[in-house]
Amino acid sequence: MRSDFSLESLPQATSPRADAKPQSYGPAFTPSPGDTPRVSGSGPNGEPLYAARWYRRPYDDELAGYLSTARGPGWGLIDCRTVADFRVEDCVVVGESPQGSRIGKAVQAAAWQFKVRPPQRAGRPMVGEWVRIRIFYEIEPGAAARLRFGN
C-alpha cells in the first residue's frame with residue numbers, strides 16, 4: 001500500500017454544462033418532421049387513423065407461415081391499435097386484394113409480431129392510437145414469394 005497517495009492530487013471532475021443535452025439511452029427514435037399524417041377512414045369506433053411507420057419491418061420468415069394459407073399476389077390492409085414496446089393489437093381487416101384471397105386474414109394473424117412506431121403529435125408519441133398497415137404479397141414465377149410493405 002502506498003503511503004504517499006493523496007486525494008488532493010487527483011484531477012477534479014468538471015460538472016456538465018447546464019445547457020448541455022443529457023445523454024439519451026434506449027432505442028433510436030428518428031421522427032419524421034412534423035406530425036404523423038392521418039389517413040382516410042377511422043378506427044373501429046371512429047378513432048383517428050394514422051399512417052403506420054415501421055420500427056422494424058417484419059422478416060419474410062415471420063410472415064411466410066401465415067401467408068402460406070393465402071392466394072397471392074395481392075395485398076392485405078389492417079387497422080391496429082398501438083401499444084407499448086412498438087407493438088400493435090386489436091387489429092381488424094379493412095381490405096384485401098384480390099377479394100377472397102385470405103391475405104387480409106393472414107396479415108391480421110401475423111400482426112402480433114409487428115413493430116410499429118406510435119403516431120406522434122407535436123413530437124410526442126401517442127401510444128394507444130390506431131394505425132393502418134398494408135402488406136403486399138407478390139409471387140414471382142420460379143422464385144419464392146416476395147413481400148413489400150406499405151402504409
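The closest donor-acceptor contact from the side chain of T82 to the backbone of E129 lies under 3.5 Å. Between the side chain of T36 and the backbone N or O of Q120 there is at least one donor-acceptor pair closer than 3.5 Å.
Here R124 pairs with nothing under the side chain to side chain donor-acceptor pair (under 3.5 Å) rule; sequence neighbours left out. For K115, the salt bridge (charged side-chain N to carboxylate O under 4.0 Å, His left out) partners are D85, not counting sequence neighbours. Not counting sequence neighbours, Y50 has no partner by the ring pair (Phe, Tyr, Trp, His ring centres under 6.0 Å) test.
Across R132 and S40, no two heavy atoms sit closer than the pair NH1-O, 3.2 Å. Closest approach of R71 and G100 over heavy atoms only: NH2-O, 2.9 Å. Considering every non-hydrogen atom in both V92 and P44, the closest pair reads CG2-CG, 4.2 Å. Heavy atoms only, all atoms of each residue included: V88 and V83 are closest at N-CG2, 4.0 Å. For G123 against P125, the heavy-atom pair with the smallest separation is O-CD, 3.9 Å. The shortest heavy-atom contact between I103 and P73 is CD1-C, 4.3 Å.
Both F114 and V93 belong to a single network of hydrophobic side chains, linked directly or stepwise wherever heavy atoms of I, L, V, M, F, W or Y lie under 4.5 Å apart. With hydrophobic clusters built from ILVMFWY side chains whose heavy atoms lie under 4.5 angstrom apart, F86 does not share a cluster with V127.
Distance check, rounded to the nearest 0.5 Å: CG of D79 to CG of L49 gives 4.5 Å. Residue S97 holds its OG atom at 14.5 Å from OH of Y137, rounded to the nearest 0.5 Å.
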All N/O donor-acceptor pairs, side-chain side in residues 104-113, below 3.5 Å, sequence neighbours left out:
residue: K105; atom: NZ; partner: Q108; partner atom: OE1; Å: 3.4
residue: Q108; atom: NE2; partner: C91; partner atom: O; Å: 2.8
residue: W112; atom: NE1; partner: Y66; partner atom: OH; Å: 2.8
residue: Q113; atom: NE2; partner: E62; partner atom: O; Å: 3.0
residue: Q113; atom: NE2; partner: A110; partner atom: O; Å: 3.4

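A salt bridge (Lys or Arg N to Asp or Glu O under 4.0 Å) check over residues 41-51, counting only residues at least two apart or in different chains, returns nothing. Every pair passing salt bridge (Lys or Arg N to Asp or Glu O under 4.0 Å) that includes a residue from residues 87-104 is listed here, sequence neighbours excluded: R81-E89, R81-D90.
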Steps toward side-chain contact (heavy atoms from CB on, under 4.5 Å) verdict (I133, W54)
CA-CA 9 Å; I133 300 170; W54 293 106; 3.8 Å; yes

